[in-house]
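Read through the structure below, which is laid out as structure tokens, and then see the notes.
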Amino acid sequence: MVTLTTDYTLVYFTNKLKLMEVNNQMKTNELAELLFPHITKSPAEYESLFPKRDLPEGAKVTRLGPSPTGFIHLGNLYGAFADERLAHQSGGTFFLRIEDTDDKREVEGAVDAIIESLAYFGVNFDEGAMAEGQLGSYGPYYQSERGQLYQCFAKELIKKGQAYPCFLKEEEISKIRQKQEAEKQNPGIYGTWAAHRNLTFEEIAERIKAGEEFVIRFKSHGDPSKHFQIEDAIRGTLSMPENEMDVVLLKKTGIPTYHFAHVIDDHFMRTTHVIRGEEWLSSLPIHVALFQALNWDMPIYCHTTVLMKMDGEIKRKLSKRKDPELSLDYYRGLGYHPAAVREYLLTILNSNFEEWRIENPLSSIEDFNFTTEKMGSSGTLFDLDKLNDVSKDVLVKIPAPELAQFLIGWAKSHNLELWKRLLGEVPSEESKRLAYLEKILDLGRNGNKPRKDLIFAQQIFAFISYFYDDSFDPTASDNYPENVPAEDVSKLLSGYLASYDHKDDQSAWFDKIRLLSIDNGYAAKPKDFKKNPDLYKGHVGDVSTVIRIALMGNTQSPDLWEIQQILGEERTKSRIAKAIK
RNA sequence: GACCCGUUGGUCAAGUGGUCAAGACGCCACCCUCUCACGGUGGACUCAGGGGUUCGACUCCCCUACGGGUUACCA
């Protein structure tokens with residue numbers, strides 16, 4: 001009997017609760033219509049409009065979502081390579097979405113600049129924003145054009161009682177923050193601080209009638225004292241507190257915040273892997289809560305490390321304002337080959353890439369199995385020395401004609417004067433000049449121990465400048481060796497000139513230098529000199545250095561004989577003659 | 001402040017309870033050599049600190065320190 005009574009009581013209360021829910025349901029429906037009368041499409045319609053992608057098993061869908069400030073930096077490129085590799089090596093799709101939800105920051109022409117810059121470094125998209133318009137059936141790919149979609153789901157969340165309009169003014173919010181600071185509470189709009197969380201329908205209707213502006217906030221039910229686990233493909237299992245913030249979903253302009261746009265877009269664009277910077281880690285609980293509220297599957301998150309640099313003693317994040325080397329234009333300006341930058345970035349992107357490269361020196365990057373597990377999660381220091389080293393190895397594999405084209409292209413856009421001198425002055429001589437440049441670039445690069453002294457365009461042109469009469473300045477030459485007196489310089493050069501025969505092969509040529517050395521009191525072999533330093537003034541190396549300086553103003557250079565062959569008999573002789581006092 | 005993430009040589013890092021703690025860049029020395037570059041050989045330089053757990057800890061747990069990030073109607 002007693003049990004029966006309790007049962008009845010329970011049923012009564014349950015029914016009453018259900019009734020209240022129904023009432024609330026009606027109210028939230030009304031509210032949704034009040035707030036978004038113009039939204040008529042249903043969530044289901046969007047689901048069928050953007051169906052799951054028809055891709056092979058295991059194919060990954062990735063995206064790059066830059067904001068159009070026009071500044072695309074090394075960090076973007078770092079992430080973009082990861083996106084690109086992951087998508088393309090799995091037979092998936094990589095798309096470009098422009099995240100232009102911050103109207104204040106937009107820069108004219110920035111999108112084209114982004115696309116051009118990424119393309120230069122070899123990052124190409126399958127769909128999304130393109131130079132010639134938008135491509136793909138999951139668009140539009142500009143967030144600014146997706147307003148209806150975001151509002152539809154804001155409306156949906158309102159209906160479900162998981163979002164609400166908030167009329168708090170800027171001053172009111174800052175007052176709340178001050179109070180929170182005074183009370184040592186966490187700042188933000190949450191819990192009881194969320195003053196408009198439980199406004200009645202009537203109150204809301206009244207404010208709207210009065211023309212008050214509002215934002216749509218997420219009605220959070222999270223408890224930050226509770227933690228949940230989430231897998232990050234780079235970092236492994238993460239433990240995060242539940243989100244309790246009533247974050248803004250839609251700004252007063254109706255434009256979504258990053259959080260909301262990310263969830264909606266990556267769901268409807270069917271992104272499988274979200275690769276983004278570590279700075280997003282703290283907002284992950286928000287995103288998780290939103291995916292749950294909308295009852296959608298989450299993508300796999302991959303939070304990359306930030307790029308750092310050494311600033312004196314301190315290791316710090318690369319900054320846009322202070323560090324020119326963060327900008328991609330920096331590398332283009334100096335003339336780094338895009339393949340070198342790509343190769344370098346891959347070595348810091350995947351820790352086993354370098355090892356693979358040593359074993360597969362000729363393989364294409366496409367053949368490397370890129371994995372998120374091998375990506376680092378601690379701050380990576382950008383290392384210019386390493387880039388230069390990588391660049392040497394990359395450039396040595398590029399055939400001279402191809403390298404020449406790259407250099408000429410660089411000169412044309414970054415140093416027009418240089419370009420004119422190299423190629424442009426007399427159009428009829430263009431092919432001759434090009435052949436000359438190719439010969440210079442190929443110097444010592446063949447054989448099994450190729451020279452590796454070419455790093456980036458600016459450095460290369462300085463390095464080979466002595467091959468060009470107008471950039472060869474004998475007055476700026478290095479000093480002759482200290483152990484060679486001035487009168488010997490003249491004697492040696494005169495002797496060299498007298499015996500010079502352009503048709504000599506390399507060994508005949510060098511035999512003459514040995515003879516010349518002996519005739520003037522220098523050892524024919526460095527070893528002879530080392531054994532008996534008292535017998536000689538120096539050795540054949542010093543004699544060669546004298547010739548080298550006369551010929552190219554430099555103590556350091558590739559093989560002398562080969563240089564003379566490129567310079568030609570006339571110029572070789574005249575440079576030597578001019579150097580004789 | 002709170003919350004997250006991280007910490008192996010100067011730098012990038014491999015490493016998941018037993019290793020003489022890989023490899024690469026840079027540095028130094030030597031060799032090759034007409035200079036330089038290349039190449040070769042060798043070297044110096046490492047597990048942030050302290051407690052546990054364990055026969056045994058770079059590896060697991062706790063604390064501290066340090067670095068980074070977030071804490072917006074920016075992304």
Side-chain angles (χ1 to χ4, degrees), chain A residues 65-69 99-105 143 166 168 170 173 177 181 184-189 213-217 224 227 232 235 238-241 245 247-253 255-259 261-262 276-285 303 305-306 308 310 314-317 344 347-348 351-355 357-358 374 376-390 392 396 444-445 447-454 463 478 481 510 513-514 517 524-527 539-549 554-561:
Chain A
S67 61
T69 56
E99 310 210 333
D100 50 353
T101 55
D102 185 2
D103 36 335
K104 285 163 233 134
R105 298 209 322 190
Q143 289 184 332
C166 171
L168 252 25
E170 226 178 292
I173 292 174
R177 181 165 303 120
E181 272 167 29
K184 303 216 177 213
Q185 302 267 344
N186 286 335
I189 303 299
E213 288 182 315
F214 62 92
V215 300
I216 301 296
R217 282 186 188 274
H227 281 61
D232 181 293
R235 291 160 190 265
L238 301 174
S239 172
M240 307 293 271
M245 292 293 161
V247 291
V248 171
L249 265 21
L250 249 33
K251 306 177 204 176
K252 71 179 175 206
T253 49
I255 293 170
T257 56
Y258 170 84
H259 307 301
H262 151 56
R276 50 154 56 158
E278 164 173 49
E279 66 271 21
W280 291 110
L281 219 42
S282 332
S283 32
L284 189 52
H303 290 95
T305 171
V306 287
M308 318 274 275
M310 251 6 233
I314 305 159
K315 190 175 171 182
R316 51 149 249 260
K317 189 181 170 184
Y344 168 70
T347 71
I348 60 174
S351 56
N352 54 335
F353 177 78
E354 231 179 327
E355 218 167 286
R357 176 52 89 204
I358 290 167
K374 288 291 180 185
S377 58
S378 54
T380 296
L381 202 63
F382 183 75
D383 187 350
L384 204 61
D385 279 332
K386 188 86 178 183
L387 204 213
N388 287 340
D389 184 66
V390 168
K392 285 182 190 174
V396 84
R445 293 212 317 157
N448 47 359
K449 281 187 194 173
R451 300 187 62 86
K452 295 181 184 172
D453 29 26
L454 310 182
F463 186 74
D478 286 348
F510 198 64
I513 293 187
R514 289 202 203 272
S517 302
K525 291 178 180 175
K527 275 183 180 161
H539 60 80
V540 67
D542 298 312
V543 176
S544 302
T545 299
V546 168
I547 298 166
R548 186 168 265 119
I549 288 172
N554 215 315
T555 58
Q556 306 173 1
S557 79
D559 186 79
L560 254 177
W561 181 81

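A note on names: the letters A, B, ... follow the listed sequences, proteins ahead of strands, and every chain is numbered from 1.
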Legend entry - Of A:D453 and A:P526, the one whose closest RNA chain B nucleotide lies more 5':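 The residue closer to the strand's 5' end, by nearest nucleotide, is A:P526.
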Using atom [atom1] in both nucleotides, what's the gap between [N] and [M] to the nearest angstrom?
N: B:rG40; M: B:rC62; atom1: P; value: 46 Å
N: B:rC47; M: B:rC12; atom1: C1'; value: 16 Å
N: B:rG9; M: B:rU35; atom1: C1'; value: 33 Å
N: B:rU41; M: B:rC32; atom1: P; value: 15 Å
N: B:rA2; M: B:rG43; atom1: P; value: 49 Å
N: B:rC28; M: B:rA44; atom1: P; value: 16 Å
N: B:rC45; M: B:rA29; atom1: C1'; value: 15 Å
N: B:rU7; M: B:rA14; atom1: P; value: 10 Å

Counting only side-chain nitrogens and oxygens, does [X] get under 4.0 Å of the OP1 or OP2 atom of [N]?
X: A:H227; N: B:rC4; result: yes
X: A:K374; N: B:rG15; result: yes
X: A:T101; N: B:rA75; result: yes
X: A:S557; N: B:rC36; result: no
X: A:K527; N: B:rC34; result: no
X: A:R276; N: B:rA75; result: no
X: A:K525; N: B:rU33; result: no
X: A:K392; N: B:rA37; result: no
X: A:K251; N: B:rA75; result: yes

Inset, instruction - Using atom types as modelled and distance alone, determine if a side-chain donor or acceptor of A:R177 lies under 3.5 Å from a backbone N or O of A:P187. - result: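 Looks like no, no N/O pair under 3.5 Å.
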Inset, instruction - May I ask you to verify whether the side chain of A:R514 and the base of B:rC34 hold a donor-acceptor pair under 3.5 Å? - result: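 No such pair is found, so the answer is no.
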Legend entry - Minimum-distance nucleotide to A:I348 side chain [options: B:rC12, B:rC73, B:rC38]: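 Between B:rC12, B:rC73, B:rC38, the one nearest the side chain of A:I348 would be B:rC12.
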Legend entry - Selection from B:rU35, B:rA37, B:rG23 that lies nearest to any side-chain heavy atom of A:T545: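 Output: B:rU35.
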Legend entry - Dot-bracket line, read 5' to 3' along RNA chain B, where crossing pairs take [ ] and | marks a partner on another strand, Watson-Crick or G-U under 3.5 Å: ((((((((.[[[..)..(....]]].(((((.......)))))....[[[[[..)....]]]]])))))))....
Inset, instruction - Check the pair A:E354 / A:K386 against salt bridge (charged side-chain N to carboxylate O under 4.0 Å, His left out), numbers first and verdict last. - result: CA-CA 12 Å; A:E354 231 179 327; A:K386 188 86 178 183; 2.7 Å; yes
Legend entry - Results of ring-ring contact (aromatic ring centres under 6.0 Å, His included) for A:F214 - residues two or more places apart only: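 Listed in chain order: A:F167.
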Inset, instruction - List the steps, then state whether side chain to side chain donor-acceptor pair (under 3.5 Å) holds for A:R548 with A:S557. - result: CA-CA 8 Å; A:R548 186 168 265 119; A:S557 79; 2.9 Å; yes
Inset, instruction - Quickly, which of A:V248, A:L168, A:V247 forms a side chain to side chain contact (heavy atoms under 4.5 Å, CB included) with A:I189? Name it, please. - result: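 Among A:V248, A:L168, A:V247, the one meeting side chain to side chain contact (heavy atoms under 4.5 Å, CB included) with A:I189 is A:L168.
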